[in-house]
Structure formats: C-alpha cells, structure tokens
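A quick write-up on the structure given underneath.
One-based numbering, in listed order, for ligands and for the atoms of each.
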Amino acid sequence: MGFLQGKRALITGIASERSIASGIAEAMHREGAELAFTYQNDKLKSRVEKAAAEYGSDIVLPLDVSDDAQIAACFEQLGQRWNDGFDILVHAIAFAPREAIAGQFLDGLTRENFALSHDISAYSLAALAKAARPAMQGRKGAVLTLSYLGAERALQNYNVMGVAKASLEATVRYLALNLGAEGIRVNAISAGPIKTLAASGIAGFRKILGHVEANAPLRRTVTIEDVGNVGAFLCSDLAAGVTGEVTYVDAGYNIVGMTGLGEE
Ligand code: NAD
C-alpha cells in the first residue's frame, strides 16, 4: 500500500511532461493518491487532460491564478466532485516576463514586471490556500509549493523572480502559522535547476545546469522524479511533524561555498 493511499490531491502547474508538477503527480499517483488537475489556459487543456487520464483522473479544471473568479469557480467545481473535501494542494506556478529574467536586475525592472511576478508567483499560493481551506478541514491537509535558491541568494539573471520567491517562502511560513491549528501543513521544496518551459525563459539556463553539475556535491542536476518523491513525502502523514519549511532538492548545491581550488 502506498503512503498516500486514501488521500486526494489537487495538482496545479502541469504545462508539459517535463513540468515539475508532472513529477509530483507521478509520485503521488504511485503512492496511491487520487488526483485532480488544473490547466492555465485552453492551449494547455488537452495536454493536462491527457496527463490526468494516465493517472485515472477525469477531474481537469481551468485555473488562471490572476483571475479571482476562476479561483472561486475552480474550488466550487472541485467541491462538486470531491464533496467531502480533499487533502493536498500542490502549487507549481510561477511567471515573470522574459525581459525581467535576463541581464541586470534594474535594467528589466518595471513596476508592472515586479507586481506581475509577485502576483502570479507568490500571492497565488496564499490565494489558493485561502480558497482550499474550507475543503481541507479535519483531514490532516498539506500544501506544497516550489521555490528556488534565488529566494535566498542573488543569482545572475534570476532577478525579480528571486524577489518573488523570497516572498513565496515567507508566505509559506505565514500560512503554516495560520493554518497549523487546523492541522494543515504548508511546505516548499527549493528545487535545483531542471529544464522545463518556465526555466527556459531564464537567460543562460544551459550554463546554469552545467555549473550545478560541476559544483553540486552529487555532481549532477536533479530530475522531476527527485522532486516528485520528496513532494509526495512532504504531503504525506510520514511528514506529519514538518511545516513551514523549505526543503532543498538540489543535489546539495545550496550548501557549497567554494570548490575547484585543485590540489594544494
Ligand atoms: P513549467 O513551465 O512546466 O510550469 C510552470 C507552470 O506555471 C505552468 O504549468 C504554467 O501553466 C503555470 N502558470 C504560469 N502562469 C500561470 C497563471 N497565471 N495561472 C495558472 N498557472 C500559471 O515549469 P516548472 O519548472 O515545472 O515550474 C513549476 C514551479 O517550479 C515554478 O514555481 C518554478 O518557479 C519552480 N521551480 C522550477 C525550477 C526549474 O529549474 N525548473 C527550479 C526551482 C523551482
């Protein structure tokens, strides 16, 4: 029996088979969870429907997190299918305009870019948790989001997205404190770089992968399976004592200060 047997999970953020959300869905399905999915727009609908079918799910709902009405409608429709609630919310959503995640931080910075990145990448976690809250009562619920090292360190080209990820990680802690009394846990995985659609928007992404391969303790990058497995664990009762945390799944890259000095 899988360690998510009897759990229901709503998974956002699938845009392709390479999406981190796809790795999380795979692991959660393998561990016995029942899944529902959202898609951002009509272009992605059939792709998400196909993924859902592979996991035996026909719950596929539209959700653009920039639209309050769509957030409300999504949870209303989900309630019609899972009328006694659900256990897990996976938030795997981020966006920053391309010109804001290339070159110097200030060059790509505008009030609009800053606000949009924070709205889609950080506020949306709180908005979805708020909308999901009534359906997660009394079920030992878990919320999971995805962050990146740029939240804590200044990384070339990551720019405003790093600032939004810092906001996301703080949001994880405030949500954890707020929802803990209701038995709902809130955690983030800070994933190492993985080639996905969103990641390919970051300037120099190929070089980032090479740098991690050369310098991470495990001398490799991580996969969506690596992230999916830890995500499934964090959302399961095996992690019942863990909330408000940012867990690194990055082949150890974040712990390294200096390498490559050669022999003395
Ligand atoms: P991806 O492109 O596969 O997924 C990003 C998802 O965000 C897409 O499904 C897209 O539809 C969704 N999205 C964007 N704007 C949206 C909106 N307005 N409403 C609803 N959905 C919207 O890329 P990914 O790398 O799997 O990204 C998933 C998460 O993982 C993101 O938060 C990303 O920042 C994070 N992350 C990625 C990496 C990496 O290197 N790939 C590393 C660390 C963290």
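In the hydrophobic clustering, Leu197 connects to no other residue, as no ILVMFWY side-chain heavy atoms lie under 4.5 Å from its own.
For the pair Arg47 (side chain) and Ala15 (backbone), a donor-acceptor distance under 3.5 Å is present.
Leu78 contributes atom CG, which lies 9.0 Å from atom CZ of Arg8 (distance to the nearest 0.5 angstrom).
Between Asp237 and Lys140 there is a salt bridge, since a side-chain N of the basic residue sits under 4.0 Å from a carboxylate O of the acidic one.
Residue pairs meeting the side-chain hydrogen bond (donor to acceptor under 3.5 Å, both in side chains) criterion with at least one partner in residues 11-20, sequence neighbours excluded, are absent.
Shown here are the salt bridge (charged side-chain N to carboxylate O under 4.0 Å, His left out) partners of Lys165, two or more places apart in sequence or in another chain: there are none.
Every protein residue with a heavy atom nearer than 4.0 Å to ligand 1 is included here: Gly13, Ile14, Ala15, Ser19, Ile20, Gln40, Leu44, Leu63, Asp64, Val65, Ala92, Ile93, Ala94, Ile120, Leu146, Ser147, Tyr148, Lys165, Ala191, Gly192, Pro193, Ile194, Thr196, Leu197, Ala198, Ala199, Phe205.
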